[in-house]
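Here's the structure, in structure tokens; my notes come after.
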Amino acid sequence: MGHITDLPTELLVSVFLALREDASTQWLRVLLVCRRWYEVACASPALWTRLAFNERRSRQVFGEFLRRSARLPLDISLDVQHEDCDAVF
């Protein structure tokens with residue numbers, strides 16, 4: 001039986017995309033598993049098309065997502081909390 005590091009790139013990307021669907025930004029942990037997984041994830045623009053803006057994210061993180069998404073259509077969400085929002089809604 002083969003080792004997990006022998007998985008084809010296309011299968012790894014599919015797994016990473018499934019993780020992204022289920023776990024918001026937790027899928028980014030695949031970047032820490034090994035060099036190959038890091039390289040596969042970084043070279044897969046589809047993984048980087050979902051941007052969630054909130055007060056905790058830095059501009060550098062968003063810039064990296066934009067760069068890695070390689071001009072694919074983006075799915076952007078905005079989570080804004082402001083004291084005046086409660087009065088409006």
Side-chain angles (χ1 to χ4, degrees):
M1 183 156 69
H3 193 269
I4 193 165
T5 58
D6 297 329
L7 289 174
T9 299
E10 297 79 15
L11 183 56
L12 277 177
V13 172
S14 293
V15 170
F16 297 164
L17 285 168
L19 286 171
R20 187 190 72 170
E21 292 300 317
D22 292 339
S24 65
T25 58
Q26 296 300 314
W27 74 269
L28 290 168
R29 292 180 181 186
V30 302
L31 297 171
L32 305 175
V33 173
C34 65
R35 179 178 299 278
R36 178 165 183 256
W37 284 25
Y38 177 87
E39 290 171 354
V40 168
C42 288
S44 303
L47 288 169
W48 304 96
T49 58
R50 182 169 294 159
L51 300 168
F53 288 91
N54 61 38
E55 296 172 9
R56 295 173 283 166
R57 291 278 168 89
S58 73
R59 289 182 182 175
Q60 183 179 5
V61 169
F62 291 117
E64 195 61 28
F65 269 67
L66 289 173
R67 186 181 68 75
R68 291 181 180 175
S69 66
R71 296 183 171 238
L72 288 178
L74 301 174
D75 178 9
I76 300 174
S77 65
L78 179 61
D79 181 13
V80 178
Q81 296 182 0
H82 191 275
E83 57 200 37
D84 294 337
C85 288
D86 290 334
V88 174
F89 300 106

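Side chains are part of it too, since the values below use all heavy atoms of this structure and drop only hydrogens, waters and symmetry mates. These figures come from a predicted structure and were not determined experimentally.
- Here the closest heavy-atom approach between residue Ser44 and residue Val13 is recorded as OG-CG2, 3.2 Å.
- Every residue was checked against the salt bridge (charged side-chain N to carboxylate O under 4.0 Å, His left out) condition with Arg29, not counting sequence neighbours, and none meets it.
- Separating the CG atom in Leu11 from the CZ atom in Phe16 is a distance of 9.5 Å, to the nearest 0.5 Å.
- Interatomic distance, CG of Leu74 versus CZ of Phe62, reported as 11.5 Å (0.5 Å rounding).
- Heavy-atom minimum distance, Trp48 versus Ser69: O-CB, 3.5 Å.
- In this structure, Glu39 does not pair ionically with Arg36, as no charged nitrogen and carboxylate oxygen lie closer than 4.0 Å.
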* **Pair Val40-Val30, side-chain contact (heavy atoms from CB on, under 4.5 Å): steps then yes or no** => CA-CA 10 Å; Val40 168; Val30 302; over 6 Å; no
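- Heavy-atom minimum distance, Leu47 versus Trp27: O-CZ2, 3.4 Å.
- Leu32 and Leu12 fall into different hydrophobic clusters, where Ile, Leu, Val, Met, Phe, Trp and Tyr are joined by side-chain heavy atoms under 4.5 Å apart, directly or via other members.
- When all heavy atoms are compared, the tightest approach of Leu72 to Ala46 is CD1-N, 3.5 Å.
- From Phe65, atom CZ reaches atom CG of Leu28 across 4.5 Å, with rounding to the nearest 0.5 Å.
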